[in-house]
Amino acid sequence: MSVQTGSPSGPPELYHRPMSFWWWLQKRAYFNFILRELTCVFVGVFAVITILQIRALSQGPDAYAEFINRLRTPGFILFNTVGLAALLFHAITWFKAVPTTMIVRFGGTRVPDQVIAGLHYVGWMVVSVVVAWILLLR
Amino acid sequence: MAETITLTVSRYRPEQESEPTFQSYDVPYDEDWVILDALNYVKDQLDGSLTFRWSCRMGVCGSCGMMVNGTPKLTCAIPLSDYVSSGPIRIEPLQFFPVVRDLVVDMNGFLGKLSSVKPWIIRDDETPPTEGEYLQTPAELDVYKQFSMCINCMLCYSACPVVGLEPEFTGPAAIALAQRYNLDSRDQGAAERMAVLNEHEGMWGCTFVGECTEVCPKNVDPAAAIQLYKMASATDWFKSVLLPRGSK
């Protein structure tokens, strides 16, 4: 019995499947991954806004008041609302991933994933409370 | 209860077609069967030309990995009953691998990646076998045991879009295997492996999609291995910057 191949003298001809541009819609997990990556844009934009706010603060009360007024326009409020949602998604998805990146052993046994993730949430809350406390004291 | 179930199987016969097509087979439904049993029924009773890999039938050899309804699965470990109510079962070769024939993929690239990470115990001071084994405590074994459970089934490669987008990426199983040896108390080759993997095609190609861990039938958690590797690399870098003389 003869074995047929793609070319009579060589090895079988391999078929290389093309990868669709829409691969990230193939699975929910892929889509969530892309969403996690894209929401980092909002993290960056928030950081830039904070830097600009500090710059306005350094330029005196008038510049700061003007900056705050600009933040109160409907466009900025809408952007901040969407941005906050994106930022929360970004933060929570990374916190969910943290136990994968940190394997901590205590007394010879591995600290459970829930404890690692939980401690990060506690840290987040502590930092948030401290920031809120500083702002409310102003 | 269904009497038959339909398998829609990807066929690629390079001598007669330039790209894969689908062929449907009706097989008897048996609630004790796994997907591989149904494929073997096709092979034995309906179409002897259907080509696929399998061996142990017990989730150990890692040969029978295929895409089942779009998800990488070990077909010897997945009951037909999981799919009986969802219509025809679509079976394709593992994605992101070149197809040799029907459900068989080319493993050469994968095997090259595995060997590139030097998956063996490397010693600075090799002692002759007559002096006995390198001893290890159960606690030391426990540190790397999870990463040693890999059966090279390649499901993780088939779940990783980076493998599809960047074929040079070393990939989950090979990096997990490197980590398995790095964490082994008998091994002294971490620096050698770091030199191989501290590249864009190595650990830094991973964007942490995490699907490799989701599909792993042995709970190896390759995503964790890669992220731990990144942490080790970053720590080394910080040490070399902050403690340029004391980091070695």
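Letters go in sequence order (proteins before strands), and every chain restarts at 1.
For B:Glu140, no part lies under 4.5 angstrom from a heavy atom of chain A. Residue contact with chain A, scored on non-hydrogen atoms closer than 4.5 Å, is absent for B:Tyr229. Proximity to chain A involves both the backbone and the side chain of B:Glu19, based on heavy atoms less than 4.5 angstrom apart. Both the backbone and the side chain of A:Tyr15 come within less than 4.5 Å of a heavy atom of chain B. Heavy-atom distances place both the backbone and the side chain of B:Leu165 under 4.5 Å from chain A. Both the backbone and the side chain of B:Thr207 come within less than 4.5 Å of a heavy atom in chain A. Looking at B:Val143, the atoms closer than 4.5 Å to chain A (heavy atoms on both sides) sit in the backbone and in the side chain alike. Using a 4.5 Å cut-off between heavy atoms, B:Gln95 touches chain A through backbone and side chain atoms alike. For a residue to count as touching a neighbouring chain, one of its non-hydrogen atoms must lie under 4.5 Å from one of that chain's; by this rule B:Ala139 does not touch chain A.
Applying the 6.0 Å contact sphere to CD of A:Gln59 captures more than 12 heavy atoms from other residues, nucleotides or ligands. Counting heavy-atom neighbours within 6.0 Å of A:Tyr121 OH, excluding the residue itself, gives a total above 12. Atom CZ of B:Arg186 is surrounded by more than 12 heavy atoms from other residues, nucleotides or ligands within 6.0 Å. The number of heavy-atom neighbours closer than 6.0 Å to CZ of B:Phe238, taken from other residues, nucleotides and ligands shown, is 12 or below.
For the atom pair CG of B:Asp221 and OG1 of A:Thr100, the computed distance is 5.5 Å after rounding to the nearest 0.5 Å. Atoms CZ and CG, on A:Arg105 and B:Asp142 in that order, are 5.0 Å from each other to the nearest 0.5 Å. Separation of atoms CE (A:Met19) and CD (B:Glu166) is listed at 10.5 Å; rounding is to 0.5 Å.
Pairing each heavy atom of A:Ala97 with each of B:Phe208, the nearest pair is CB-CE2, 3.6 Å. Nearest approach of A:Tyr30 to B:Ser158, heavy atoms of both residues: OH-O, 4.4 Å.
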Intermediate values then yes/no, side-chain contact (heavy atoms from CB on, under 4.5 Å), A:Trp23 and B:Phe96: CA-CA 11 Å; A:Trp23 62 268; B:Phe96 309 141; over 6 Å; no

Going through the distances and angles, do A:Arg110 and B:Gln146 end up as a side-chain contact (heavy atoms from CB on, under 4.5 Å)? CA-CA 12 Å; A:Arg110 185 174 164 177; B:Gln146 177 186 14; 3.6 Å; yes

Using side-chain contact (heavy atoms from CB on, under 4.5 Å), reason through A:Ile103 and B:Leu228 one step at a time and then give a plain yes or no. CA-CA 8 Å; A:Ile103 294 181; B:Leu228 290 173; 3.5 Å; yes

side-chain contact (heavy atoms from CB on, under 4.5 Å) between A:Lys27 and B:Thr71, worked out: CA-CA 9 Å; A:Lys27 270 186 169 186; B:Thr71 302; 4.1 Å; yes

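Ranked by heavy-atom pairs under 4.5 Å with chain A, the list B:Ala225, B:Pro93, B:Gly210 is led by B:Pro93. In terms of heavy-atom pairs under 4.5 angstrom with chain A, the leader among B:Ser18, B:Gly70, B:Ala159 is B:Ala159.
Geometric assessment of A:Arg17 against the ring of B:Phe97 yields a negative cation-pi assignment under the 6.0 Å and 45° thresholds.
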